[in-house]
Amino acid sequence: MRTHARVVVIGGGVVGASVLYHLTKAGWKDVLLIERAELTSGSTWHAAGGMHTVNGDPNVAKLQQYTIELYQELERISGQSCGMHITGGLMLAGTADRVDWLKMAQARGRYLGMDLQIISAAEAKKLHPLLDERKFLGAILDPIEGHVDPYGVTHAYAKAAQIGGAEIVRQTRVVDTKPRADGSWDVITEQGNVHAEHVVNAGGLWAREVGRFVGLELPVLAMEHQYLITEDLPELKGQKELLHVIDFEGEIYMRQERGGVLLGTYERAGVPWSTRTTPWDFGQDLLPQDLERIAPSLEVAFEHFPRLATAGIRRVINGPFTFAPDGNPLLGPIAGLRNYWVACGVMAGFSQGGGVGLSLAQWIVEGDPGADIWAMDVARYGDWTTPAYTNAKVRENYSRRFRIRFPNEELPAARPLRMTAIHERLIAENAVMGEYCGLEHALWFAPKGTPAVEQVTFRRSNAHSAVAADCRAVRDGVGLLEISNYGKFEVGGAGSAEWLASIMAGRVPNVGRISLTPMLNERGRLIGDFTLCRLAEDQFFVVGTYAAEVYYRRWFERYPPPATVTVRACAMQYNGLSLAGPAARDLLQPLVDLDLSTKAFPFMSFTRTSVGLVPALLGRVSFTGDLGYEIWVTSEYQTALYDLLVEAGRAHGLKVIGGRALNAMRLEKSFGTWAREFRPIYGPYEAGLGRFIDLARGNFVGRAAALEEKAHGGQRSLITLDVQAHDADAIGDEPIWHRGKVVGWVTSGGYAHSAGKSLALGYVNREVAAQIEGFEVELIGERRPALRLLEPAFDPKGLRMRV
Ligand SMILES: Cc1cc2nc3c(=O)[nH]c(=O)nc-3n(C[C@H](O)[C@H](O)[C@H](O)COP(=O)(O)OP(=O)(O)OC[C@H]3O[C@@H](n4cnc5c(N)ncnc54)[C@H](O)[C@@H]3O)c2cc1C
């Protein structure tokens, strides 16, 4: 074994092998994969090998498309068969909600270039003779679905990588990884040490253990998973291979395996495996079968596919594989560990492994994953993902694998976990709570005396009128909203302004002022949007997205501040309350020793003050687009502040409002938000943020690319559409049509109560960006006419927030 490599990949499952191959494809030859046993010795060897392109996140779906297209290339380069069977697949719907879900999945597929067709149950029966069409209402037919041979795929990656210059060492366990001061690594193995510039943890079933070498507790957990293979069915003999099938109601997937049928299930009462530690001596082993556990799914399967009820069972496989709490992979560099990368928690290695390998290799080689992989970025998790949290969420996710997640559905596992001091007060107000990064927050308030429960639906729910009331309260008087769920950083010390100016694309505010600024990567793409609040010459309070806190921290490590500057993530130390509405100033004025008139404390002012007894940071800004204030206090003061504002608010008709109302109000102001309108696939001019880019000042990260985008115009534009909706509003990811062609996609949508419109924000191709008429948004299978709005639907001149 060599003693030096540019990259050491730990783990020779399908994921590690793919990372290795993609590193060589990107031109890095000096790369080494170390495998404890033989290749495929974790989850990979006993996988069912199924693959498909449909995924809830369009960006993940694109990477799945890439993976499936890659297999031919791999076979060509390596000469190793991947055992590809592209049979096509059916997703069967047994309920009306599922039919709606299929329509939405088909619609999403349109702008991804997928050829998904909705067919009747009778047509499905013609394609798949084993199903009982009376049990179904319809199906999606996806021609690009099938299965591969897990052994073949992994070895094809491995051989192609070796042809590209990589080395693979088998039967050698990595027992430790130790960082050096220069950011490189000593990889300690049973056979000696390797000095590496980069380390990739692709340990699969052992990713946790490999992570623990460096003090990382990765949020992954293995679940037992069972599938069975029937004896040969004579009626399949000589026939075209059966299509793949997902039967959502039965929670089963099925395909042909030689002359029989392979049938697997994600049962409701899934069982985690090796919850604390994966034994090192677990190899190509299987777990004891437990057909009792999957009996409820089998019963449905026998009803839906009657022939299976009499088929003999040839084999049952029970094997473990790993999941992250949301079921998406964990990918990317780890904040605080230079040149340490993970590619684990990949639950669908044969659909996703190629995309995961490509993105990680590009990230290592080019410094950027080359695609929008936010949904898979390991930085989406923070310190709330304890092993017990992961356990609860993984089990929940597993049990729901084939269940619909409605857009307004909040899941119950691992809750409540993080609560702010006013939690009980919000509950007493009849709040319907949501969870974000483990933190509870009020979504909306059910009328007193009614249950604080939301009906889950693709259409408008029972929250509709309550959210309308919240919006009215703000637009006509004053609302109080908790805003603790933002990310916050304190930046201080000599050189703070210069450092912020070097990494932010917008203006750094003067003392006592606030500015809104995007953050760009080197390619000029949006990687953050911040509110910079300047308290003193060298003191800033920086507000951003909480879910991206680790992502930002990692970025700040890439462009570190000078030694004189400290950057402290302090999201949960500061809780926030926001007052918004025309009466907000009258309410707040008597409580502060400060002139709140617009002349003395204009829009975008910021100061340290006290509100009643409470020391606070006060900014005059509101995401509602109305006159408003954001008040930040350290957490021990939040209850006192809340009580004070509620008490003082009585005279002004104050209403406590929830996040749903804020969303409705920001939509009618056409205000974008991170992870929706602002993501690393968009540039600032495309996103309509050009006015916040300060090209006139010195250099900053992404400036050259931003200049270019400004000069040439981007590829697409963010627009606002007024949709003629009926009882369902856009939620995001719907296609936007223009004169019969799909020209873009919705990023977010909803009913804007004050404007009285159903709105959708979304990106359209540059060619139609100037059009006003002729648009349609596809809502649950129906193309609804939509009119382009050239200015925000509410208070277009922005006068109300400045009064
Ligand atoms: C029953 C079952 C059915 C499945 N069906 C499908 C399916 O139909 N479609 C699909 O896409 N996916 C399926 N999967 C999931 C699929 O198997 C996984 O997504 C995939 O195998 C994950 O690959 P990996 O490389 O991340 O992990 P693993 O396969 O676990 O590989 C990790 C490798 O790292 C090695 N390793 C770990 N630690 C060290 C160390 N310290 N030193 C050296 N080497 C180390 C291990 O020996 C192992 O070979 C199924 C899984 C199971 C169990």
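We count ligands from 1, going down the list as the structure has it; atoms in each ligand are counted the same way.
- Looking at Arg554 and Asp377, a side-chain N of the basic residue comes within less than 4.0 Å of a carboxylate O on the acidic one, giving a salt bridge.
- Look at Asp372 and Lys62 and you find no salt bridge, because none of the NZ, NE, NH1 or NH2 atoms lies under 4.0 Å from a carboxylate O.
- With a 4.0 Å heavy-atom cut-off, ligand 1 is reached by the side chain of Trp206 but not by its N, CA, C or O.
- Using a cutoff of 4.0 Å between basic side-chain nitrogens and carboxylate oxygens, Lys25 and Glu73 are scored as salt-bridged.
- Compare Val175, Leu262, Thr44, Asn201 by their heavy atoms: the one nearest to atom 23 (O) of ligand 1 is in Thr44.
- Among all non-hydrogen protein atoms, the one lying nearest atom 8 (O) of ligand 1 is Gly50 N, 2.8 Å.
- The shortest N or O to N or O distance between Gly319 and ligand 1 is not under 3.5 Å.
- Distance from atom 42 (N) of ligand 1 to its nearest protein heavy atom, with residue and atom name: Val174 N, 3.0 Å.
- Annotation: Val14 places an N or O atom under 3.5 Å from an N or O atom of ligand 1; distance criterion only.
- Looking at Gly264, Ala48, Ser41, it is Ala48 that brings a heavy atom closest to atom 4 (C) of ligand 1.
- Here His22 and Tyr66 bring their ring centres to under 6.0 angstrom of each other.
- Remark: ligand 1 atoms within the under-4.0 Å shell around heavy atoms of Val210 are 38 (N), 41 (N).
- The protein heavy atom nearest to atom 13 (C) of ligand 1 is Ala47 CB, 3.8 Å.
- If you look at Phe350 and His85, their ring centroids are not closer than 6.0 Å.
- Between Arg338 and Asp182, no side-chain nitrogen of the basic residue sits less than 4.0 Å from a carboxylate oxygen of the acidic one, so the salt-bridge criterion is not met.
- With a 4.0 Å heavy-atom cut-off, ligand 1 is reached by the backbone of Ile34 but not by any atom from C-beta on.
- Atoms of ligand 1 lying under 4.0 Å from any heavy atom of Gly204, numbered from 1 in the order shown and given with element: 26 (O), 27 (O), 28 (P), 30 (O), 32 (C).
- With Asn328 as the partner, the side-chain contact (heavy atoms from CB on, under 4.5 Å) test is satisfied by one option alone out of Leu330, Leu331, Asp326: Asp326.
- Counting only heavy atoms of the protein, atom 28 (P) of ligand 1 lies nearest to Ser43 N, 3.5 Å.
- Using a 4.0 Å cut-off between charged nitrogen and carboxylate oxygen, Arg258 and Asp232 do not count as a salt-bridge pair.
- Between Phe213 and Trp185, the distance from one ring center to the other does not fall under 6.0 angstrom.
- Screening Ile364, Leu32, Leu33 against Leu23 for a side-chain contact (heavy atoms from CB on, under 4.5 Å) leaves a single residue, Ile364.
- Heavy-atom proximity to Met347, at under 4.0 Å, picks out these atoms of ligand 1: 12 (N), 15 (C), 19 (O).
- Using 4.0 Å as the threshold, Thr172 has a heavy atom nearer than that to some atom of ligand 1.
- Here is the list of ligand 1 atoms found below 4.0 Å of a heavy atom in His46: 1 (C), 2 (C), 52 (C), 53 (C).
- A salt bridge does not link Glu257 with Arg314: every distance from a Lys NZ or Arg NE/NH1/NH2 to an Asp or Glu carboxylate oxygen is 4.0 Å or more.
- In summary, Arg212 and Glu217 engage in a salt bridge, as defined by a charged side-chain N under 4.0 Å from a carboxylate O.
- Between the choices Tyr227, Trp45, Phe213, Phe282, the shortest heavy-atom distance to atom 1 (C) of ligand 1 belongs to Tyr227.
- Here the heavy atom of the protein found nearest to atom 36 (N) of ligand 1 is Gly11 CA, 3.9 Å.
- Here the protein heavy atom with the shortest distance to atom 19 (O) of ligand 1 is Val346 O, 2.6 Å.
- For Gly49, a nitrogen or oxygen atom sits less than 3.5 Å from a nitrogen or oxygen atom of ligand 1, counting backbone and side chain alike.
- What sits closest to atom 25 (O) of ligand 1 on the protein, heavy atoms only, is Val15 N, 3.0 Å.
- With respect to the salt-bridge test (charged N to carboxylate O, under 4.0 angstrom), the residues Asp247 and Lys135 do not qualify.
- Taking 4.0 Å as the cut-off, Glu35 counts as a neighbour of ligand 1 on heavy-atom distance.
- In this structure, Lys125 and Phe136 have side chains that are not in contact, with every pair of non-hydrogen atoms separated by 4.5 Å or more.
- The protein non-hydrogen atom at the shortest distance from atom 43 (C) of ligand 1 is Arg36 N, 3.0 Å.
- If you number the atoms of ligand 1 from 1 as listed, the ones under 4.0 Å from a heavy atom of Ser351 come out as 11 (O).
- Screening Arg400, Arg401, Arg403 for a side-chain contact (heavy atoms from CB on, under 4.5 Å) involving Glu251 leaves a single residue, Arg403.
- Atoms of ligand 1 found under 4.0 Å from any heavy atom of His225 (numbered from 1 in listed order, with element): 1 (C), 2 (C), 3 (C).
- Evaluated for a side-chain hydrogen bond (donor to acceptor under 3.5 Å, both in side chains) with Ser184, the options His195, Arg6, His4, Glu197 yield exactly one hit, His195.
- Counting heavy atoms under 4.0 Å from ligand 1, residue Ala202 touches it through the backbone alone.
- When non-hydrogen atoms are compared, ligand 1 lies under 4.0 Å from the side chain of Trp280 (C-beta onward) but not from its backbone.
- Remark: distances from the non-hydrogen atoms of Pro320 to ligand 1 include one below 4.0 Å.
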